[in-house]
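Scope of the values below: all heavy atoms of this structure, side chains included, with no hydrogens, waters or symmetry mates. Counting begins at 1 with the first residue of the sequence. Just follow the structure's listing: the first ligand is 1, and inside any ligand the first atom is 1.
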Amino acid sequence: MKAAIVVFPGSNRERDAVAALEAVSGTKPHLVWHRDTELPKVDLIVVPGGFSYGDYLRSGAMAAHSPIMREVKARADQGVRVLGVCNGFQIITEAGLLPGALMRNGALKFVCRVQHLRVENTDSPFTKKYAKGQIVRFPVAHGDGNYWTDAETVKRLDGEGQVAFRYVGDEARADPRGNPNGSVSDIAGIFNAKRTVLGLMPHPEDAVEALHGNTDGKPMFEGLVEALS
Ligand SMILES: NC(=O)CC[C@H](N)C(=O)O
């Protein structure tokens, strides 16, 4: 599987994405600067986390207009898989690849912790290695993760299997903390209609190696490698 990672001024998780992709696929991904206008031939585009343009104006709003995004949108239209994590989710949503918006966290505080999530749909290359309803733990670290869309769209997202992950508490593991940011319907990540694009606030690339504390993010990259190699 060949992958490209798009880097903006203020991105800071691109190395985590490189490490995760390289560990699982054995191939070094291309790093592409946001001012570039062309992407190499790849099977997967990752828009990583961070603070592009210092989160000025609105998280992801300025990066969504970087020159490379025209090419990212064109490739997404052709069916190339796109993974947007955290700031990447914000950027691809601002770019119109996914519906809705990411607003300031409900409690108006940056939240940084390990978060339980439920896998809602396994019918995608991103989630095929998980079991439906499986509870996983990914770290979250954001100030603007409060996903919002109108009630009709939430219904459509649910009906069409476009909700990928939801925030949950886990009483069994003595962690009752659910939704960390006020997202509508506890949504942590969504697919586009064809399930070729995934945006999520939690960080699967930071749950890949034992040293991360858990490896619940690894199956996402394994699924992509299996589907796209
Ligand atoms: N870790 C990140 O990607 C941070 C995302 C974003 N800048 C926020 O704070 O909401």
query: Quick one: do R75 and E71 make a salt bridge, cutoff under 4.0 Å?
result: yes
Candidates Q90, R13, H142, M201; heavy atom nearest atom 6 (C) of ligand 1 found on Q90
Under 4.0 Å from one or more heavy atoms of H203, ligand 1 contributes atoms 1 (N)
Contacts under 3.5 angstrom, residues 76-94 side chains, donor-acceptor by atom type, not counting sequence neighbours:
| residue | atom | partner | partner atom | Å |
| --- | --- | --- | --- | --- |
| R81 | NH1 | G79 | O | 3.1 |
| N87 | OD1 | S52 | N | 3.0 |
| N87 | OD1 | S52 | OG | 2.8 |
| N87 | ND2 | Q90 | OE1 | 2.8 |
| Q90 | NE2 | D144 | O | 2.7 |
| T93 | OG1 | F89 | O | 2.7 |
| E94 | OE1 | R58 | NH2 | 2.8 |
| E94 | OE2 | R58 | NE | 2.8 |
| E94 | OE2 | R58 | NH2 | 3.4 |

Exercise. In terms of side-chain geometry, is the basic nitrogen of D55 or R104 positioned less than 4.0 Å from the acidic oxygen of its partner?
Worked result: no
Sequence neighbours excluded, the answer for side chain to side chain donor-acceptor pair (under 3.5 Å) partners of N192 is T196
the protein heavy atom lying closest to atom 2 (C) of ligand 1 turns out to be C86 SG, 2.9 Å
Heavy-atom proximity to atom 4 (C) of ligand 1 ranks first, among G50, G49, P48, for G50
Rounded to the nearest 0.5 Å, the OG1 atom of T149 sits from the CG atom of L102 at a distance of 11.0 Å
Taken to the nearest 0.5 Å, the spacing of L200 CG from L98 CG works out to 10.5 Å
The protein heavy atom nearest to atom 10 (O) of ligand 1 is D144 N, 2.7 Å
Does A141 reach ligand 1 with a nitrogen or oxygen that is under 3.5 Å from one of the ligand's nitrogen or oxygen atoms?
yes
Here the atoms of ligand 1 under 4.0 Å from any heavy atom belonging to F110 are 9 (O)
Regarding ligand 1, does F51 bring an N or O atom to under 3.5 Å of one of the ligand's N or O atoms?
no
Examine the side chains of R166 and S185 and answer whether a donor and an acceptor come within less than 3.5 Å of each other. yes
Legend entry - Any N or O of G143 closer than 3.5 Å to N or O of ligand 1: yes
Short version for D55: what comes under 4.0 Å of ligand 1, heavy atoms counted, is side chain
